[in-house]
Amino acid sequence: NLGDVSTTDALLELVHSGDEEAVRNALRALEGCAEPERARPVLLALFESDPGRLRASILTTLVRMGGAGNEAVFARVLSD
């Protein structure tokens with residue numbers, strides 16, 4: 001169940017410690033999580049620190065999650 005706190009925790013753990021395929025799968029699952037306010041800061045930090053291999057996947061997840069907190073990231077990416 002994607003609305004479960006333990007599910008969000010497990011997905012965020014995969015984002016930090018999984019191999020590339022596991023991270024991509026976790027990002028896709030986080031798009032529909034019930035706790036975007038918990039996931040968003042983690043994803044924004046990852047987006048800022050990623051050298052490029054996962055940036056598009058992270059950005060896609062953030063776009064699909066929505067939220068006002070993502071506007072600055074979208075504006076910066078669009079202006080680059």
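- Under the side-chain contact (heavy atoms from CB on, under 4.5 Å) criterion, L54 pairs with E20, V23, R24, D50, I58, sequence neighbours left out.
- Closest non-hydrogen pair, A39 versus M65, comes out as CB-CE, 3.7 Å.
- Here D9 contributes atom CG and C33 contributes atom SG; the two are 10.5 Å apart, rounded to the nearest 0.5 Å.
- Of the listed residues (V42, T61, L59), just one forms a side-chain contact (heavy atoms from CB on, under 4.5 Å) with F47, and that residue is L59.
- Interatomic distance, CG of L11 versus CG of L30, reported as 4.5 Å (0.5 Å rounding).
- Listed by chain and number, the residues in a side-chain contact (heavy atoms from CB on, under 4.5 Å) with E48 are V73, R76 (sequence neighbours excluded).
- For the side chain to side chain donor-acceptor pair (under 3.5 Å) test, residues two or more places apart in sequence or in another chain that qualify with S6 are D4.
- Taken from CD in E35 to OG1 in T8, the straight-line distance is 4.0 Å, to the nearest 0.5 Å.
- Residues passing the side chain to side chain donor-acceptor pair (under 3.5 Å) test with S17 are E13, sequence neighbours excluded.
- In this structure, OG1 in T60 is found 9.0 Å from CG in L27, a value given to the nearest 0.5 Å.
- In terms of the side chain to side chain donor-acceptor pair (under 3.5 Å) criterion, R55 has no residue partners (sequence neighbours excluded).
- For A22, the side-chain contact (heavy atoms from CB on, under 4.5 Å) partners are L14, D19, not counting sequence neighbours.
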